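First comes the structure, then the notes that go with it.
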There are 2 protein chains.
Amino acid sequence: MSSDASPAPAKTPVTLREVAASAGVSVATASKALNGQGRMTAETRERIRETAQRLGFRPNSLAQSLLRRRSFTVGLLTNDTYGRFSLPLMSGVSDALVDAGVSVFLCNVEDDTRLAQLHVEAMLDKRVDGIIATGKRIDRHLPVDLANLRIPVIYAFTQPDPGAIAFVSDDEGGARLAVEHLWRLGRKRIAHVSGPASFAVVHARAEAHRDVLTEHGLPVSEPLLGAWSEAWGHEAVAKLFGGGREGAPDAVFCGNDQIARGVIDALRERGIGVPDDVGVIGFDNWEIVAEATRPPLTSVDMNLSVLGREAGLALLSLVGGKPAEPGIRKLPCRLVVRQSCGRPPGG
Amino acid sequence: MSSDASPAPAKTPVTLREVAASAGVSVATASKALNGQGRMTAETRERIRETAQRLGFRPNSLAQSLLRRRSFTVGLLTNDTYGRFSLPLMSGVSDALVDAGVSVFLCNVEDDTRLAQLHVEAMLDKRVDGIIATGKRIDRHLPVDLANLRIPVIYAFTQPDPGAIAFVSDDEGGARLAVEHLWRLGRKRIAHVSGPASFAVVHARAEAHRDVLTEHGLPVSEPLLGAWSEAWGHEAVAKLFGGGREGAPDAVFCGNDQIARGVIDALRERGIGVPDDVGVIGFDNWEIVAEATRPPLTSVDMNLSVLGREAGLALLSLVGGKPAEPGIRKLPCRLVVRQSCGRPPGG
DNA sequence: GCGATTTGGGAAAAGGTTTTCTCAAAAGGA
DNA sequence: TCCTTTTGAGAAAACCTTTTCCCAAATCGC
């Protein structure tokens, strides 16, 4: 288990003082040698460096943070228990920060104000350099007020406070991508089946759907709003195709991948071919669902890990003292084409 | 946005020194007053407390940590990008720790040794009190050696180093739960469809399946090993039911919920009723899948959040200096009964 | 060879808290 | 009244690192 090359693990971490003593210099000189500061003989510097190396010295971050008033940690607040949205986002955040040596405190606060408050205070006590707030819904606040903190806050995929900086996905753009893709494939009657009307994104996407249809002179139909579930996909198919095939859609743009999954399964059960008779597009690009549908589902990806990355970089820049314009930045979605829409007539 | 009751947010955090000055005492006295230490008049103590309250004093965790050699943070290392297993686990860990005022650094290390090393070093530099290692597979090591760290390490749902403390789910027990449930419902020919043979849990569960069948005098069949996917569930049904209904199973115990989903869909397509003709049980109790299958899937839940909780508490106790027996602790699974197995003959 | 500058390196303060030690004043005992 | 004990509170060290002075020795110019 242990290799000969590795230094024996010390019971207690080695301090700069010990390095200095071992190299026969003062701690001040040792510090400067290791940080490339100050003036000294190249030989002295090298000797100190070697000593530090040999002893396995690593500076105590706590002491550094105390002095620099910068802890190289940030807090990530989320209320997305299930994590389908937060995980790619977090992974992006972490990605952006790890290279800067910044670690991330993860705080799952559910919808519990007391818990959220507790976590925020713990973060502040631990002197995090900033906070990224994220959630499962773009149109809801986290259960805690982050407006007047004395550290920078970035909102990602959650409702920001006024005057704050936020990154969200461009749902209108994503929906346009989907509907225009169907249009380019020659689909004429493009239905839209989505989640509950209480979600802001439902309206944003429905509006984009209607706009694209209008722009291309296609017949506009009312979106069917229900739930974010497979079961609703089944129901919606019953409504759309219950009256027979004539007048029924030749494409369905769904509000998420679970609905799309339900729609595709229901169509198959009715003997309607996907993509031959009807093209289907989902939203979220939840790979494990999209790839398991038959045929694999074309879907809109919100690029959440990019979004997280951008949020992380923005926070870093804020922490570094660079001012930034408040406001909401919408990041583009991308279409992931699989097999549920078919090839274009020419292709 | 701001209420009158809240103190004006200070540009810079208020220190103990300022509290002491404002209360007209020394920092030493102030510290003791706030921590309930030392001796002083009740009146002095109260005055200092009120001053601290009024000024919104919160002790600087960094300074405390430096002195106490205890940072009240732990690192959570995981390589489960997708997070289906780590999230409930993390939620349990966080749960156990938040009450002790301990925050969690989340480090997603994928399978990247360099990245893992980087994160571990960052943790150590930040003087975490301990590390919880977790992953997506019980039978694989994380891509980093945690054996000789000078801080406690607890393994949860991942392969531990020898001599370490680990918490894992009792897969044999979980499988027994499933197969015995089917047996109690009067099922006689219970097949087993599971994931790739390269997974240790596949063998553990298959063995339990065989044992239970033997114990009850039921015919033993070879498990069908494939992939963790719906597609494999479909394939397996073709193999099991391709020769017609005679001799075919009247129950299928699946290695995970996705396989079970595939099995149930495939059975329905063949006109075989679930649960009337065939009972199906899954594993993992991935609610979003289990509840979307038709009928909703009975499944074995590994109690991962409990597992995380136990791991958190164990780490806490270790950090507190209490010694603990090394070894692997298997935590029981539980069966979540939905509708895919039917009611017992008598019920 | 003498004053001015550069060079190499150290002392000390700072960051914010906790804890041990110390000490004066007050109280108690005789 | 004098000595001992208790009480209330402060000084200072400690945790570990960084940075700002500061100083002695060496170098330079002439």
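Below, chains carry the letters A, B, ... as their sequence lines are ordered, and counting in each starts from 1. Only this structure's heavy atoms are used, side chains among them; waters, hydrogens and symmetry mates stay out. Note that this is a predicted model, so its numbers are computed, not measured.
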| Centroid-to-centroid, B:F105 to A:F105, below 6.0 Å? | yes
| query | Less than 4.5 Å apart, any side-chain heavy atom of A:L124 and any of A:I151? | reply | yes
| Heavy atoms of other groups near B:E46 CD, more than 12 under 6.0 Å | yes
| Can you pull the salt bridge (charged side-chain N to carboxylate O under 4.0 Å, His left out) pairs that have at least one residue in residues 113-128 of chain B, sequence neighbours excluded? | A:R58-B:E121, A:R58-B:D125
| query | Side chains of B:L16 and B:P59: does their closest heavy-atom pair fall under 4.5 Å? | reply | no
| task | Tell me, please, the opening and closing nucleotides of DNA chain D, 5' to 3', among those with an atom under 4.0 angstrom from a non-hydrogen atom of chain B. | result | D:dT7 to D:dC16
| task | Identify, between B:S26 and A:T15, the residue whose nearest nucleotide on DNA chain D lies closer to the 5' end. | result | B:S26
| task | Kindly indicate whether the side chain of B:L89, heavy atoms from C-beta on, has any atom under 4.5 Å from the side chain of B:V93. | result | yes
| Applying side chain to side chain donor-acceptor pair (under 3.5 Å), which residue pairs with at least one partner in residues 16-31 of chain A are found, sequence neighbours left out? | A:T15-A:E18, A:S22-A:R54, A:S26-A:T29, A:S31-A:N35
| Looking at residues 60-71 of chain B, who's got a heavy atom less than 4.0 Å off DNA chain C? | B:N60, B:A63, B:Q64, B:L67, B:R68
| request: With the side chain counted from C-beta on, respond yes when A:L331 and A:V168 share a heavy-atom pair under 4.5 Å apart, and no when they do not. | output: no
| Qualifying ring pair (Phe, Tyr, Trp, His ring centres under 6.0 Å) pairs with a residue from residues 107-138 of chain A, counting only residues at least two apart or across chains | none
| message | For a 4.5 angstrom cut-off between non-hydrogen side-chain atoms, does A:E110 reach A:N79? | response | no
| query | Which pairs, with at least one residue in residues 61-73 of chain B and sequence neighbours excluded, count as a salt bridge (charged side-chain N to carboxylate O under 4.0 Å, His left out)? | reply | B:R70-B:D129
| request: Can you sort out which residues in residues 31-45 of chain B have a heavy atom within less than 4.0 Å of DNA chain C? Ascending by number, please. | output: B:S31, B:K32, B:N35
| By ring pair (Phe, Tyr, Trp, His ring centres under 6.0 Å), which residues pair with A:F157, not counting sequence neighbours? | A:F85
| note | Sequence neighbours excluded, the answer for salt bridge (charged side-chain N to carboxylate O under 4.0 Å, His left out) partners of B:D139 is B:R137
| query | Which nucleotide of DNA chain C is the first, and which the last, in the 5' to 3' direction, to come under 4.0 Å of a heavy atom belonging to chain A? | reply | C:dT7 to C:dG16
| B:I138 vs B:S169 side-chain heavy atoms within contact, under 4.5 Å | yes
Show me the donor-acceptor pairs, under 3.5 Å and distance only, between side chains in residues 304-327 of chain B and residues at least two apart or in other chains.
from   : atom 1 : to    : atom 2 : distance (Å)
B:R309 : NH1    : B:D95 : OD2    : 3.4

| Between the first and last five pairs of the helix from C:dG1-D:dC30 to C:dA30-D:dT1, the angle of the axes, rounded to 10 degrees | 50°
